[in-house]
Every structure is written in structure tokens, then in C-alpha cells.
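Whatever order the structure lists ligands and atoms in, that order sets their numbers, starting from 1. The model shown is predicted, which means the values in this text are computed figures rather than measured ones.
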Amino acid sequence: MTLTSRFARLALGGAIALASLGSAQAQDDVTIGFIVKKPEQAWFINEQKAASELGEEEGFEVVRLAGEDGQQVLSAIDNLHAQGAQGFVICPPDVRLGPAIMNRAKQYDMKVVTVDDRFVGPDGEPMEGVPHLGMSGYKIGQQVGNAIADEMDARGWDPEEVAALRITNYELPTAKERTDGATDALLESGFPEDNIFDAPQQNSDTASAFSAASPVFAKRGDFEHWVIFALNEESVLGGVRASEQYGLDAEDVIGVGINGSGAAFAEFSRETPTGFHGTVAVSSTMHGRKSAENLYEWITEGEKPQANTVTGGTLMTRDNWESVREDLGL
Ligand code: FCA
């Protein structure tokens with residue numbers, strides 16, 4: 001063997017050894033999953049799409065999957081393993097599934113990051129070991145409360161004569177943070193606590209909010225003016241639809257949501273305004289991109305993302321929705 005070929009062999013051996021060092025992966029064989037609890041909702045469609053776009057740019061594969069209950073999530077993880085995925089981003093259908101999901105992922109040696117809804121451990125605390133990216137729920141909730149108070153002011157409503165429909169989801173910590181933030185901001189603005197009525201929803205969608213809201217309007221027919229808030233705009237829209245069905249006029253209702261996705265755009269695009277006054281928009285594009293990027297870098301560079309990344313929002317109304325949409329890349 002000549003010296004040069006021996007050198008070439010040694011160099012090649014070294015390169016192979018380097019490539020297999022640690023868990024670093026060659027760029028072109030990375031596959032990640034992106035599992036969401038509500039695949040039909042505009043927020044999640046956009047999030048998954050943004051992750052796929054990043055994958056196309058960076059040269060990795062993104063498998064988009066639905067995980068609407070525990071069973072479906074576990075099958076999605078099996079499916080990802082069969083496709084050779086090294087990890088997944090997930091917005092779980094129930095945050096208490098965290099430990100079961102992590103067990104399955106560990107069996108397959110997959111890395112996991114959560115987006116939007118953070119896993120809760122058996123002790124009821126957030127699972128700190130799983131990197132998370134989500135909204136700063138309380139602050140965004142305060143923005144909702146302030147937007148409602150400002151609009152009440154603009155319409156010249158006397159707070160004593162206004163009822164608040166608070167659509168709650170206390171099983172989901174980010175939902176509680178959001179409605180707590182909105183409640184506190186409203187109370188600070190002088191809203192009477194006794195005029196706040198709860199409508200606990202089973203889920204985070206329009207149908208569950210509609211069912212929760214309807215009986216509240218029926219029971220409190222003595223109020224002419226209503227404000228509505230919830231964890232997201234899909235749920236506020238359920239409340240607004242219930243107010244319409246009950247017979248309230250759009251000018252007697254102020255609903256303010258959270259997300260800034262297709263559901264809100266459709267509402268703002270209607271010719272006649274409805275009781276859906278606004279929404280605090282957060283970039284679902286950024287949530288999808290950034291969570292996928294964090295996971296990709298963890299897989300390829302071995303660098304674990306930070307434990308908790310929080311994002312902020314911007315109030316979007318009929319007047320400015322198109323420009324906010326553009327600014328947030330939605
Ligand atoms: C939760 C809600 C979604 C969205 C997301 C950021 O998952 O259900 O609508 O607000 O947080």
C-alpha cells in the first residue's frame with residue numbers, strides 16, 4: 001500500500017468515526033414528526049405547514065400527523081418510528097398524557113419538544129425536562145381583558161350593566177393562565193366580579209364553546225350587554241354564535257379571542273361586523289418554525305433547546321387585521 005492510499009484510508013476512517021460520534025446526524029437523513037391535537041384548526045394547519053417549509057429549506061423531512069386522543073398519539077409515534085424519525089414536536093390532546101408519551105418516545109430513543117400545550121407530570125407540575133415553546137398565556141390574557149375594557153369604554157357601556165361570559169378550560173394550564181389574565185385586567189378596569197359567568201368547555205373548539213355558552217345566556221337574560229373571552233378565538237366564536245342564537249345584536253357583544261388565524265380572518269372579512277370584536281394574534285408560523293428548528297438542531301447538533309420559550313401577541317381587529325397578519329407572517 002502506498003503512503004498516500006494509506007493516508008486516504010486513515011482519513012476516511014477518521015471521517016466515519018467522526019460522523020458516528022454522539023447522536024449527531026447527517027443533515028439529509030433527519031426525519032421529524034409534527035403531531036397536533038386539532039389538525040383541522042387553522043392555527044395548527046399553519047403551524048405544521050411552517051414546519052414543513054423549514055424542513056424543505058433545511059433539507060429534513062417533516063411528517064405531519066394528527067393526535068386527537070392518547071391512542072392516536074401513540075400510534076403516530078409508532079408510525080414515526082417506522083419511518084425512521086429521530087424525534088417529534090407535539091401539541092398534545094391532553095397535557096396529562098405527557099408521561100405516557102415520553103415513555104413511548106424513550107423506547108424508540110426519540111427526542112421530544114412540546115409546542116403550545118406543555119406536558120404536566122404526575123405531580124401536576126410542568127415537565128421541565130421536555131423543552132417547550134408556547135404563548136405567555138397570562139400576559140396575552142391581560143391584553144384580551146384590556147382590549148375588552150377599551151371597547152366597552154368606546155361604546156360608552158356602564159360596567160355595572162355588562163355581563164362577562166368566561167369560557168373556561170381549567171384542565172389546560174395555558175388556558176387557565178389566559179382566562180385568568182383577562183379576568184384580572186377586566187377587574188382592574190373596574191369590571192364587577194359578580195357579573196362574570198363561567199361556561200366550562202370540554203375542549204378547545206367552537207362546538208364545545210357553543211354548548212357551554214348557550215345555557216349561560218339563557219339563564220342571564222337580564223343583561224343586555226355582553227363581553228366574551230376564552231383561551232382562543234375558536235372558542236370565543238362559539239360564544240358569539242351562541243349570543244346570536246340567543247338573539248343578541250352584534251353591537252351588544254364584544255368578543256375578543258386569541259390566535260390570529262384563519263378563523264378570525266374569516267370573521268373580519270364578513271361584510272357586516274359581528275360580536276367578534278378582535279383577537280390577540282400570535283405567530284403560528286413562528287411557533288411551527290421555531291419548535292421544529294429547536295428539535296432539528298437538537299438532533300443534528302446535540303444541543304438541547306431551552307426549557308421554556310414564551311411568545312407575545314398583538315391585538316388584531318377589523319381595522320388592522322390585514323397589516324398585523326402581514327407583520328406576523330401569517
Ligand atoms: C392551545 C389552543 C390553540 C392555540 C395554542 C397556542 O393549544 O388550543 O388554539 O391557542 O394553544
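Of the residues E53, E58, E57, E47, the one that meets the salt bridge (charged side-chain N to carboxylate O under 4.0 Å, His left out) test with R289 is E57.
Close approach of ligand 1 to M135 (heavy-atom distance below 4.0 Å) involves ligand atoms 6 (C), 10 (O). Applying the 4.0 Å criterion to heavy atoms of L231 picks out, from ligand 1, the atoms 2 (C), 8 (O). The distance from ligand 1 to the heavy atoms of S204 drops below 4.0 Å at these ligand atoms: 8 (O). For ligand 1, the atoms lying closer than 4.0 Å to a non-hydrogen atom of K37 are 1 (C), 2 (C), 7 (O), 8 (O). With ligand atoms numbered from 1 in the order given, ligand 1 contributes 3 (C), 7 (O) to contacts under 4.0 Å with heavy atoms of F44.
Among the atoms of R178, some N or O lies under 3.5 angstrom from an N or O of ligand 1. Residue Q41 has no nitrogen or oxygen atom sitting less than 3.5 Å from a nitrogen or oxygen atom of ligand 1, judged on distance alone.
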For R325 and E322, run salt bridge (Lys or Arg N to Asp or Glu O under 4.0 Å): C-alpha distance rounded to whole Å, both residues' side-chain angles, the deciding distance at 0.1 Å, then the answer. CA-CA 5 Å; R325 179 181 184 176; E322 277 156 312; over 6 Å; no
Between R96 and E171, does a salt bridge (Lys or Arg N to Asp or Glu O under 4.0 Å) hold up when you go through it step by step? CA-CA 9 Å; R96 290 163 303 189; E171 314 260 281; 3.1 Å; yes
Give the C-alpha distance, both sets of side-chain angles, the deciding distance and a yes or no for side chain to side chain donor-acceptor pair (under 3.5 Å) between S261 and Q41. CA-CA 9 Å; S261 65; Q41 284 186 356; over 6 Å; no
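The closest approach between I258 and ligand 1 stays at or above 4.0 Å for every heavy atom of the residue. Residue contact annotation: D117 has a non-hydrogen atom under 4.0 Å from ligand 1.
Counting only distance, with no hydrogens or angles, the side chain of D153 and the backbone of A149 share no donor-acceptor pair below 3.5 Å. Remark: side-chain polar atoms of R220 are not paired, donor with acceptor, to backbone N or O of L165 under 3.5 angstrom.
With atom 4 (C) of ligand 1 as the reference point, the heavy atom nearest to it among N259, T311, D205 is part of N259.
A distance of 6.5 Å separates CG of D116 from CE of M135, quoted to the nearest 0.5 Å.
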